[in-house]
Trainee: 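Below you'll find the structure I mean.
Atoms within a ligand are numbered from 1 in the order they appear, just like the ligands themselves. Values below: all heavy atoms of this structure, side chains included; hydrogens, waters and symmetry mates excluded.
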Amino acid sequence: MSQWVCRGIKTRIKTTHYPAQAETAPGVSPGLPLGGAYAAAVASLVNLCPTKAISPGLVKDSLIVDYRRCIHCFRCVRGATTPMRWDQGWQWAADGQKCDSVAPGSEGNRLGRVFAHSVHIIVVDAGDCGACLNEVKQLNNPYYNMHRLGFFLTPTPRHADILLVVGPVTEHMRLPLLKTYEAMPTPKRVIAVGACALSGGVFGPSFVSGAGVAQTLPVDVQVPGHPPPPLAILHGLLVAVGRQTPASITSPAPILPEATTR
Ligand code: SF4
């Protein structure tokens with residue numbers, strides 16, 4: 001123990017500089033597969049995916065990845081003759097279904113400027129396996145230190161601005177989740193974190209769990225990943241308060257000449 005204290009004093013606590021600077025430390029993200037053109041490998045890659053996250057694109061010989069379903073199993077890379085290209089980033093948070101009617105770039109679904117430096121978050125475990133919850137916990141450690149950005153955890157819904165949900169929403173957690181949301185003051189926002197919270201993941205939908213948070217609550221921000229790394233969750237929080245721009249929840253479709261479309 002004493003050696004760790006001495007080491008900490010000697011090296012000082014290092015905190016990531018994200019979002020002011022890009023994080024370049026190795027291992028901060030498991031990455032996500034990239035869609036695009038894959039020539040003759042399209043059918044085999046679609047069949048390799050156990051969660052049906054990969055589907056043929058509208059453009060001939062192209063693939064689209066639905067990040068709500070991807071569980072980072074790497075089958076499309078390690079088990080494939082033509083491996084999928086891989087994105088090592090982490091800025092994956094996208095607008096939620098609630099925002100479909102809101103114009104892109106609109107501030108309509110963001111918490112306003114008054115929340116810029118003091119946002120309180122309540123976390124609800126709605127049937128999580130523990131993985132996403134563990135990544136959320138990392139936001140409080142000295143390396144990610146979300147307090148420096150004005151984000152704080154609160155155990156009471158009455159003090160919360162953001163409801164952060166992990167897990168597919170099991171039958172037993174549906175009512176507690178609704179009660180938590182209803183007890184929060186307005187304006188309030190909902191962030192769904194992880195593949196299970198976005199699509200049911202490997203659990204649902206089934207007789208005990210649903211197909212994600214959107215079946216129960218209006219979701220403002222979706223953070224894909226299985227589990228998402230802490231930086232992706234931090235990006236989701238920054239998107240919710242309008243300090244970062246959202247990403248797309250599916251891989252972008254390749255732009256090819258019109259003649260090659262189906
Ligand atoms: S890594 Fe994601 S896209 Fe690739 S096979 Fe696994 S679940 Fe499907």
Trainee: Is there a side-chain contact between Ile249 and Pro224 in this structure, where contact means two heavy atoms from C-beta onward sitting under 4.5 Å apart?
Mentor: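 Contact flag for Ile249/Pro224 side chains = yes.
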Trainee: Please examine the side chains of Val42 and Leu63, heavy atoms only from C-beta on, and report whether any two atoms are closer than 4.5 Å.
Mentor: yes
Trainee: I need the nearest protein heavy-atom contact for atom 6 (Fe) of ligand 1: residue, atom name and distance, please.
Mentor: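 Here the closest protein heavy atom is Cys73 SG, 2.3 Å.
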Trainee: Hey, are the side chains of Met146 and Ile233 touching, using non-hydrogen atoms and a 4.5 Å cut-off?
Mentor: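 A side-chain contact under 4.5 Å is absent here.
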Trainee: As an exercise, identify every atom of ligand 1 less than 4.0 angstrom from a heavy atom of Thr51.
Mentor: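 Those atoms are 7 (S).
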Trainee: Please say whether more than 12 non-hydrogen atoms of neighbouring residues, nucleotides or ligands are located less than 6.0 Å from NE2 in His172.
Mentor: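 Counting other residues, nucleotides and ligands, NE2 of His172 stays at 12 neighbours or fewer.
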Trainee: Look at the N, O or S atoms of Cys49, main chain and side chain alike, and state whether any lies under 2.8 Å from atom 2 (Fe) of ligand 1.
Mentor: no
Trainee: Is there side-chain contact between Phe151 and Leu139, with heavy atoms separated by less than 4.5 Å?
Mentor: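 The answer is no; the side chains never approach within 4.5 Å.
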Trainee: Quick test: of every protein heavy atom, which one is nearest to atom 4 (Fe) of ligand 1, and how far off is it to 0.1 Å?
Mentor: Cys76 SG, 2.3 Å
Trainee: Should you measure from each heavy atom of Pro33, which atoms of ligand 1 turn up under 4.0 Å away?
Mentor: 3 (S)
Trainee: Is the contact between Ile54 and ligand 1 made by the side chain, the backbone, both, or neither, using heavy atoms and a 4.0 Å cut-off?
Mentor: side chain
Trainee: In terms of residue, atom name and distance, what is the protein heavy atom nearest to atom 2 (Fe) of ligand 1?
Mentor: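 Sorting protein heavy atoms by distance from atom 2 (Fe) of ligand 1 puts Cys70 SG, 2.4 Å first.
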Trainee: Report the C-alpha distance between Arg174 and Glu171 in whole Å, list the side-chain angles of each, state the deciding distance to 0.1 Å, and finish with yes or no for salt bridge (charged side-chain N to carboxylate O under 4.0 Å, His left out).
Mentor: CA-CA 5 Å; Arg174 190 180 305 281; Glu171 278 308 305; 2.9 Å; yes
Trainee: Would you kindly specify which portion of Ile71 sits under 4.0 Å from ligand 1, judged on non-hydrogen atoms: side chain, backbone, both or neither?
Mentor: both
